[in-house]
> 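I'd like to ask you about the structure that follows.
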Amino acid sequence: MRTRVHLLKSEEVDQSAYHEILQQLQSFSGPLEFVSTIDEPVFEDDESTSFETHLKDIRDTSLPLPEEMIQEHALYSMKKQILSKSAEYIETPQKLTRLKWEDIFNSCEKFRAKNDISDLEFVVLLTDKGNELNWFAAPDPKGKRNGFVQTSGLGFYLPGSSRASIVYLITTHIMRHLMFSNIKEMTDGVHYRSVGCMNDFCGNKTDLILKLRTADLCSDCVKRLEEKQVDPLLATQAFEIMEAMRGEILFRDRYSLLKKPSRMTITGPNFTIRFPDLANVELKLDKIEKTIYLFFLGQPEGVRLNSLDEHREELIELYLKVSPTSDRETATRRINERTDNSKTQKISENISKVRKKINDLLGTEMAEHYIIAGANGELKKIGVERNLISFVK
Ligand SMILES: [Zn+2]
């Protein structure tokens, strides 16, 4: 059975970051179907509270779970003290607007009502804003399949790994819902002392980082997964996602030491460009950008922009390969516009757009290996070692 997960984002969440998260989730096949939404709940300032964070290193731990949120029918016996006391994270930025949990889950409910979404489907809100209890991710205490993941702040703990961490948290969130029938079970079932399991509560930041790097499923949780008869296909999909995110986080960790960038694959008739060591994330380029990029990949020694006219034929052929539905006339025109020595503006624009996309995808440090670089008037080239690149038909 397919299970839909509606990913809601609040308005301040960056569009392209949202789409990257979504695409990453969608790139794994299985019963979980991740759906984008156009609804964007707006949280006005009067709906939220703003806190100054006085302690630089510790999240405010004095916040009790609001009594009125805990409904009897949800069988709630949250260990309030334990939960809030353990919730220590380094706060950034120092002043963060914190939403009320009630407002967050109300917006999920509004979305459900408006779009007629069944109780079996998930609604997960991504928000850059903090929340009153300082959790990075939490389920609806009323027992519905609602939840939120805070999309800001994670990158601060795990440089460059924000997207992977968020995707990981969304996935574990869904798994927890399926493994525990209600919040009581969940609060009893999560591990307050880290055991290297997906269900470690992770009260402090070291635990969270440890979990993202190492977490598997402990034997208790494997048993529970069996008892709850979670669809094995769904569990497989979820673990594939988590495993890939973990792989990416570890790879990035090692990168800071080894400076070894990811491999790159270029596959299929569309010349899809992916980075297998970074959860196989795709670099999306339009036709002309891809043509230019593949051209420079094939020129490890580099080419000056004002000698591109010598490569016109090659570029036109490449364009027609990248875009087989285009006619030769269009290809010739588009390439000529970019290989005119008297004005290099268009080609420069394309190159800087590609650079931005690579920076956004990989983070500026690792991106350096893959961008088309070179000073004005000098040779332009992509520096990456070509043995890291493979073409697959
Ligand atoms: Zn466990």
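Side chains included, hydrogens not; waters and symmetry mates left out as well; all remaining heavy atoms used.
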> Before accepting this row, confirm whether a basic side-chain N of the pair E248/R252 lies closer than 4.0 Å to the acidic partner's carboxylate O.
yes

> With no hydrogens and no angle check, is any side-chain donor or acceptor of K290 less than 3.5 Å from a backbone partner on N270?
yes

> Please check if atom NZ in K321 has more than 12 non-hydrogen atoms from other residues, nucleotides or ligands closer than 6.0 Å.
no

> Is there a path from V123 to V35 through hydrophobic residues (I, L, V, M, F, W, Y) whose side chains come within less than 4.5 Å of each other?
no

> Using atom types as modelled and distance alone, determine if a side-chain donor or acceptor of N115 lies under 3.5 Å from a backbone N or O of F111.
yes

> Using modelled atom types only, decide if a donor and an acceptor are shared between the side chain of Q237 and the backbone of L32 within a distance under 3.5 Å.
yes

> Determine, using the 4.5 Å side-chain heavy-atom cutoff (strictly less than), whether L278 and L250 are members of one ILVMFWY cluster.
no

> According to salt bridge (charged side-chain N to carboxylate O under 4.0 Å, His left out), does anything in residues 9-32 pair up with another residue at least two apart or in another chain? List the pairs.
K9-E40, E20-R163

> Given side chains that start at C-beta, do those of T339 and E310 come closer than 4.5 Å, heavy atoms only?
no

> Is there a donor-acceptor pair closer than 3.5 Å between any side-chain N or O of Q26 and the backbone N or O of F34?
yes

> Considering only NZ, NE, NH1 and NH2 on the basic side and carboxylate oxygens on the acidic side, decide whether E282 and K284 come within less than 4.0 Å.
yes

> Verify the neighbour count for atom NZ of K259: are there more than 12 heavy atoms of other residues, nucleotides or ligands below 6.0 Å?
yes

> Taking R334's backbone N and O only, do any of them form a donor-acceptor pair with R338's side chain (distance below 3.5 Å, no angle check)?
yes

> Can you pull out every ring-ring contact (aromatic ring centres under 6.0 Å, His included) where at least one residue sits in residues 313-356? Sequence neighbours excluded, please.
none

> Any sub-3.5 Å donor-acceptor pair from K228's side-chain atoms to M179's backbone N or O?
no

> Do the ring centers of F275 and Y370 come within less than 6.0 Å of each other?
yes

> Does a side-chain heavy-atom distance below 4.5 Å link P276 with S262?
yes

> With no hydrogens and no angle check, just 3.5 Å: does a side-chain donor-acceptor pair link N306 and N341?
no

> Checking the side chain of R386 only, and the main-chain atoms of L297 only, is there a donor and an acceptor separated by less than 3.5 Å?
yes

> Is a donor on one side and an acceptor on the other found under 3.5 Å between the side chain of E121 and the backbone of S118?
yes

> Hey, are R246 and E243 close enough for a salt bridge, meaning a charged N less than 4.0 Å from a carboxylate O?
yes

> For the hydrophobic clusters of this structure (ILVMFWY residues joined by side-chain heavy atoms under 4.5 Å, transitively), does one cluster hold both L318 and I266?
yes

> Drop me the distance from L308's CG to L305's CG, to the nearest 0.5 angstrom.
5.5 Å

> Keeping the roles fixed (side chain from T37, backbone from L7), state whether a donor-acceptor pair exists under 3.5 Å.
yes

> May I ask you to check whether T265 and R274 show a side-chain donor-acceptor distance below 3.5 Å?
no

> Treat each ILVMFWY residue as a node, draw an edge where side-chain heavy atoms are under 4.5 Å apart, and state whether F391 and L388 are in one component.
yes

> Could you see if V195 belongs to whatever hydrophobic cluster contains F239? Use Ile, Leu, Val, Met, Phe, Trp, Tyr and a side-chain cutoff under 4.5 Å.
no

> Above 12 or not: heavy atoms from other molecules or residues under 6.0 Å from CG of N376?
no

> Working to the nearest 0.5 Å, report the span between CG of L126 and CG of L169.
10.5 Å

> Check this for me, if you would: do K343 and E337 make a salt bridge, where the nitrogen-to-carboxylate-oxygen distance has to be below 4.0 angstrom?
no

> Answer yes if the side chains of N146 and R112 hold a donor-acceptor pair under 3.5 Å, and no otherwise.
yes

> Can a donor-acceptor pair be found, under 3.5 Å and without considering hydrogens, that links the side chain of T236 to the backbone of P232?
yes

> Check this for me, if you would: do R224 and D220 make a salt bridge, where the nitrogen-to-carboxylate-oxygen distance has to be below 4.0 angstrom?
no

> Listed by chain and number, what are the side-chain contact (heavy atoms from CB on, under 4.5 Å) partners of L257, not counting sequence neighbours?
none

> So do N350 and I288 actually touch side chain to side chain, heavy atoms under 4.5 Å?
yes

> In Å and rounded to the nearest 0.5 Å, what is the NE2 to OH distance from H173 to Y168?
14.5 Å

> Pairing donors with acceptors under 3.5 angstrom, does anything connect the side chains of H19 and Q15?
yes

> Can you find a pair of side-chain heavy atoms, one from V149 and one from V124, that are under 4.5 Å apart?
yes

> Do D128 and T151 have a side chain donor and acceptor closer than 3.5 Å?
yes

> When you check the gap from the basic side-chain N to the acidic O, do K144 and E109 get nearer than 4.0 Å?
yes

> Once you measure the plane-to-plane angle for H177 and F122, does it fall in the parallel (<30°), tilted (30-60°) or perpendicular (>60°) bin?
perpendicular

> Distance alone, cut at 3.5 Å: any donor-acceptor contact between the side chains of D340 and S342?
yes

